[in-house]
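Have a look at the structure below, then the notes.
In what follows, every chain begins at residue 1, and chains take the letters A, B, ... in the order their sequences are listed. These values consider heavy atoms only, across backbone and side chains, with no hydrogens, waters or symmetry-generated copies.
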Number of protein chains: 2
Amino acid sequence: MTVRPGLTGCGVAETLKVIGDRWSLLILRNAFHGVRRFDAFQEQLSISTSVLSDRLARLVREGVLERRPAPDDGRAAEYRLTEAGLDLYPVLISLNQWGDRWRPDPAGERLRLIERATGQPIRGAAVLSEAGAPLTARDVAPEAGPALAPDLAELVETHRKRLLKSAP
Amino acid sequence: MTVRPGLTGCGVAETLKVIGDRWSLLILRNAFHGVRRFDAFQEQLSISTSVLSDRLARLVREGVLERRPAPDDGRAAEYRLTEAGLDLYPVLISLNQWGDRWRPDPAGERLRLIERATGQPIRGAAVLSEAGAPLTARDVAPEAGPALAPDLAELVETHRKRLLKSAP
DNA sequence: CATTTAACTTCGTTTTTCAAAGCTAAATTC
DNA sequence: GAATTTAGCTTTGAAAAACGAAGTTAAATG
């Protein structure tokens with residue numbers, strides 16, 4: 001996970017620096033399913049101890065998981081989602097949604113997500129307008145802010161101008 | 001990107017098989033910013049030609065990008081987002097949103113996303129209830145469907161029972 | 001027709017990732 | 001309280017991936 005030139009200065013790149021390897025998101029998926037212990041993660045994912053150890057340590061360092069001693073066993077540790085970790089929920093839900101839609105399983109549904117308060121299935125992840133209406137990529141135009149990486153900013157502005165000229 | 005045992009049978013894992021490496025999401029980010037040509041991707045990302053070539057071919061094979069001859073230059077090819085590719089928009093927006101919130105840049109905003117129809121900034125990505133209200137991870141309980149990987153299903157059901165016993 | 005350009009391939013090297021085995025300290029069993 | 005098991009790492013040699021540089025092909029340019 002070395003930092004490469006040109007891969008910073010954008011929210012996507014910054015997030016991928018934290019969870020953009022092949023294991024972190026699967027570890028976090030399990031964390032969202034209530035997994036907390038080293039051996040429970042390892043049992044689920046067929047991941048080697050060295051990699052799991054490394055990934056957990058990194059996620060802790062990045063503030064996504066919190067490591068605390070297990071209350072019932074002095075050897076064991078619990079890894080729990082922090083507020084920042086919980087805030088990755090839309091990422092996981094949107095990944096799950098895409099997989100369900102574009103890589104469906106002929107055997108049927110994989111995961112049903114139910115709103116606890118009502119017992120109803122949730123609608124899923126969406127990009128929303130200020131008014132709360134769902135938006136597609138075509139409905140949105142990006143604008144470079146002051147902190148955007150310069151080469152990306154140029155790209156974004158070119159794209160924005162092109163969008164302005166085409167049909168809204 | 002070898003398929004590992006136990007990393008299938010879940011929407012998240014299926015999606016990560018397509019875009020879960022270090023480059024694909026950055027390539028797609030640029031595609032959403034209007035980049036279409038091999039050399040334009042390469043200029044933006046500091047990626048080697050061999051890896052870029054491989055990733056683009058994979059994304060085409062997976063149905064996320066479409067490769068077509070460039071209309072203005074017989075040598076060149078254009079890589080454009082397919083419907084499936086456009087449908088990854090919530091993934092990218094939620095990644096961007098997390099990066100902006102938890103890895104802010106002191107210099108200010110990076111990317112502003114504007115709804116084209118209204119000119120207003122968008123609200124962003126969210127997980128929604130059936131009624132359209134935003135939900136956090138704590139508001140949702142997962143339920144295993146018939147196609148969920150068996151070991152994950154066990155986990156999910158355990159977690160669901162635990163949730164039922166705790167405060168809603 | 002010689003040169004440049006777009007988009008790859010190939011190749012040898014460096015970097016990263018991996019699985020398997022070993023380690024340590026706490027808990028459990030006898 | 002010695003022996004064994006367990007949780008959670010480290011270490012290590014091997015495998016995989018990514019890298020840059022050079023080579024390839026076919027179209028465009030001059």
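To the nearest angstrom, P of dT9(C) lies 14 Å from CZ of R58(B). Nucleotide dA7(C) holds its P atom 7 Å from the OH atom of Y79(B), rounded to whole Å. The distance between atom CG of L52(B) and atom P of dG20(D), rounded to the nearest whole Å, is 12 Å. Between the C1' atom of dC19(D) and the CD1 atom of I47(B) lies a distance of 11 Å, rounded to the nearest Å. The CG-P distance, from D39(A) to dT5(D), rounds to 17 Å in whole Å. Taking atom CZ on R36(A) and atom P on dG8(D), their separation rounds to 13 Å, with Å as the unit. Between the CD1 atom of I27(A) and the P atom of dT17(C) there is a distance of 13 Å, rounded to whole Å. In this structure, CG of D54(A) is placed 11 Å from P of dC9(D), rounded to the nearest angstrom.
Comparing dC19(D), dT10(D), dA27(D) by their nearest atom to the side chain of W23(B) picks out dC19(D). Which of dT6(D), dA28(D), dG8(D) sits closest to the side chain of R75(A) comes down to dT6(D). For A76(B), taking side-chain heavy atoms from C-beta onward, the closest of the listed nucleotides dC19(D), dA6(C), dC9(D) is dA6(C). Closest contact between the side chain of A77(A) and the listed nucleotides dG8(D), dA7(D), dT4(C) involves dG8(D).
Between dC9(D) and R67(A), a contact under 4.0 Å exists linking OP1 or OP2 to a side-chain N or O. Look at R37(B) and you won't find any side-chain N or O under 4.0 angstrom from OP1 or OP2 of dA6(C). The side chain of S53(B) places an N or O atom within less than 4.0 Å of a non-bridging phosphate oxygen (OP1 or OP2) of dT9(C). Residue R22(B) places at least one side-chain N or O under 4.0 Å from the OP1 or OP2 atom of dT17(C).
Ion pairing between a basic and an acidic side chain is recognised when a charged N comes within 4.0 Å of a carboxylate O; E62(A) and R103(B) show such pairing. Using a 4.0 Å cut-off between charged side-chain N and carboxylate O, R37(B) and E43(B) make no salt bridge.
Place D73(A) and S48(A) on DNA chain C by their nearest nucleotides, and S48(A) ends up nearer the 5' end.
Between I27(B) and I19(B) there is no side-chain heavy-atom pair separated by less than 4.5 Å.
Residue T49(A) places a side-chain atom within donor-acceptor reach of the base of dT10(D), judged by atom type and a 3.5 Å distance cut-off alone.
Nearest heavy atoms, D87(B) versus W98(A): O-CD1, 3.6 Å.
Going from atom CZ of R67(A) over to atom CZ of R80(A) covers 14.0 Å, rounded to the nearest 0.5 Å.
Within the nucleic acid shown, A57(A) has no heavy atom closer than 4.0 Å to any nucleic acid atom.
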